[in-house]
There are 2 protein chains.
Amino acid sequence: MTKTPGAATTKVGITLDRVVEAAFVVLQRDGIAKLSARAVAAELNVRMNTVMWHIRTKDRLLGLMAESIMGEVDLENLPGDWREQVAELLRRLRRAMLGHRDGALLVAGTFPVEPNTLAFSERVVTVLFEGCPTRKSAAWTSWSLFYFTLGLVQEEQATPAELHDRLRESVDERCFPGLHSVLEDYVSIDYSERFDFGIEQILQSAPTTKPRPHAAS
Amino acid sequence: MTKTPGAATTKVGITLDRVVEAAFVVLQRDGIAKLSARAVAAELNVRMNTVMWHIRTKDRLLGLMAESIMGEVDLENLPGDWREQVAELLRRLRRAMLGHRDGALLVAGTFPVEPNTLAFSERVVTVLFEGCPTRKSAAWTSWSLFYFTLGLVQEEQATPAELHDRLRESVDERCFPGLHSVLEDYVSIDYSERFDFGIEQILQSAPTTKPRPHAAS
DNA sequence: ACCTGAACACCGTTCAAGT
DNA sequence: ACCTGAACACCGTTCAAGT
């Protein structure tokens, strides 16, 4: 009766790629906390279940977005020796994550077992083989680099001023003298500098750090 | 009319501490995804708004829980030289987080500017002062150690078998030869060994890594 | 294969009301 | 200060129904 049969349910040309695209628009505008299937649907002018049909599950959408960010990292044209090459790879990862609001949170939330993510890991590990004493130490060093990068970029993307101000208020000189004396360095917003420092520190000892023999034998 | 006025709303003896306690029970049983104010209320046999009145906000509850975990870390009786002392501090943090389901996720989600968390940071930074060339490098090294620990324990607590199996399936020898050749080390579940390796690697170069001079001067 | 409506069982937050 | 009921505006998932 009140139904307009002409303009009813027909295909509307949504692709999984377009859904992920729209999800990034919502992410940039509203942040990851407000990224919902309904919001993505509104962005595409379709109903929510259309989005759900393509993504199957919210978690899968997040995984696709993380994988997409990993795909932005160029793995070619690396400069210099193995050390510089690894540093450059992680610098590019950092830039890719910084390119999207809450990008580090997104990548940290899921390790997508997908081509782009695997290709990045492959590249890092392969370059590390050149400088590390064992393959195992190369594998484990890649995790150290990855976790450091994720952590630092998450800090950088997490509403910077607020937490730092609260720290400056709370770090009393009497209770926390050490922290107080380095507070400005502790909460420094020179993130690229801190990034370079951390990566370099890990890589510096990489050639000499061996996994301990499991037992004394 | 249908109301029993005697057993109506009277105090029931809930404390913020008891709420947090109950929250840990729910966390252990159901995981962080199902940790809700309603679930905590059920655990305490009160209504949800009672819980909300005490915690004010869900985020504050999570912060209180993280701060509580940090409080489990004993900061006294550290053995050996500065290197061993720092390693021991982070080992204790790791154990505290492992003691609660999704403990690392909880701590990573918020940096509570509260006494226990600050005291831990103070202790780590202070010990690092002994071995690092500058105060700045000590501060930044403490972040490297913290992020590595959070990342690795999150990996350890995130439904181990599932992801590793998917990796073994997907890491084709032809596409990802390097990764393939170290896969078993790459996804090793010897987490204490990997932890020791990572901490040691960071600490090894700590005495020699200086923050770069900001400009060439 | 694609798109929708409707219903489900959940959320956290807010506000007025009780003691 | 403490506890509750009720309502609000949201979630993601599921299922039956359309083309």
Side-chain angles (χ1 to χ4, degrees), chain A residues 1-23 25-27 29-66 102 105-106 109-110 159, chain B residues 1-23 25-27 29-66 102 105-106 109-110 159:
Chain A
M1 319 295 196
T2 57
K3 190 170 150 197
T4 59
T9 57
T10 89
K11 303 202 178 180
V12 77
I14 300 295
T15 309
L16 185 55
D17 286 340
R18 288 194 58 205
V19 172
V20 174
E21 248 177 61
V25 173
V26 174
L27 180 71
R29 192 184 53 220
D30 304 328
I32 200 171
K34 300 203 168 181
L35 175 62
S36 69
R38 280 171 173 88
V40 175
E43 189 63 30
L44 291 166
N45 278 306
V46 296
R47 307 308 122 211
M48 181 209 14
N49 285 358
T50 306
V51 169
M52 286 308 292
W53 188 87
H54 284 283
I55 67 174
R56 288 208 294 270
T57 214
K58 170 93 180 281
D59 275 353
R60 201 172 91 99
L61 174 61
L62 298 177
L64 289 166
M65 295 176 78
D102 296 328
L105 217 48
L106 202 57
T110 23
T159 63
Chain B
M1 319 288 191
T2 56
K3 189 172 148 196
T4 58
T9 58
T10 91
K11 305 204 179 181
V12 77
I14 299 295
T15 309
L16 185 55
D17 286 341
R18 287 194 60 207
V19 173
V20 175
E21 248 177 62
V25 173
V26 174
L27 181 70
R29 193 184 52 219
D30 304 328
I32 200 171
K34 301 204 166 181
L35 175 61
S36 69
R38 282 170 172 88
V40 175
E43 188 63 31
L44 291 166
N45 278 307
V46 295
R47 307 306 123 213
M48 180 210 10
N49 285 358
T50 306
V51 169
M52 287 308 293
W53 188 88
H54 284 282
I55 66 175
R56 289 208 291 271
T57 214
K58 171 93 182 277
D59 275 352
R60 201 172 90 98
L61 174 61
L62 298 178
L64 289 166
M65 295 175 78
D102 296 327
L105 219 49
L106 202 57
T110 23
T159 61

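Since this is a predicted model, take the numbers as computed values, not measurements. Naming: A, B, ... by sequence-line order, numbering from 1 per chain.
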With [X] via side chain to side chain contact (heavy atoms under 4.5 Å, CB included) - residues at least two apart:
X        : answer
B:Ile14  : B:Val12, B:Arg18, B:Val19, B:Leu44, B:Val46, B:Thr50, B:His54
B:Asp17  : B:Thr15
B:Leu105 : B:Ile32, B:Asp102, B:Gln154
A:Ala23  : A:Leu35, A:Val40, A:Leu61, A:Met65

[X] [atom1] to [N] [atom2]: how many Å, rounded?
X       : N      : atom1 : atom2 : value
A:Leu62 : D:dC11 : CG    : C1'   : 14 Å
B:Leu44 : D:dC2  : CG    : P     : 15 Å
A:Leu61 : D:dC11 : CG    : P     : 13 Å
A:Trp53 : C:dC2  : CH2   : P     : 4 Å
B:Asn45 : D:dC3  : CG    : P     : 13 Å
A:Asp30 : D:dC10 : CG    : P     : 12 Å

**Prompt:** If you measure from CG on A:Leu106 to CG on A:Leu62, what distance do you get to the nearest 0.5 Å?
**Reply:** 6.0 Å
**Prompt:** Where the side chain of A:Ser36 is concerned, which of D:dG12, C:dC3, D:dC2 is the nearest nucleotide?
**Reply:** D:dG12
Name the pairs: protein N/O against N/O of nucleotides 13-15 of chain C, kept only if under 3.5 Å.
unit_1: C:dT13; atom_1: OP1; unit_2: B:Thr57; atom_2: OG1; d: 2.7
unit_1: C:dT13; atom_1: OP2; unit_2: B:Lys58; atom_2: N; d: 3.0
unit_1: C:dT14; atom_1: O4; unit_2: B:Asn49; atom_2: OD1; d: 3.1
unit_1: C:dT14; atom_1: O4; unit_2: B:Asn49; atom_2: ND2; d: 3.2

**Prompt:** What pair of heavy atoms forms the shortest contact from A:Thr110 to A:Ala66, and how long is it?
**Reply:** OG1-CB, 4.1 Å
**Given DNA chain D, 5'-ward residue of the pair A:Lys34 and B:Gly13, judged by closest heavy atom** = B:Gly13
**Message:** Per the side chain to side chain donor-acceptor pair (under 3.5 Å) rule, what does the pair list look like for residues 29-39 of chain A, sequence neighbours excluded?
**Reply:** A:Arg29-A:Glu43
**Asked** Among pairs that include at least one residue of residues 45-59 of chain A, which meet salt bridge (Lys or Arg N to Asp or Glu O under 4.0 Å), considering only residues two or more places apart or in two chains?
**Response** none
**Prompt:** Any side-chain N or O of A:His54 under 4.0 Å from OP1/OP2 of C:dC3?
**Reply:** yes
**Item:** Bracket string, DNA chain C, 5' to 3' - pairs by Watson-Crick or G-U geometry under 3.5 Å, | interstrand
**Value:** |..|||||...|||||.||
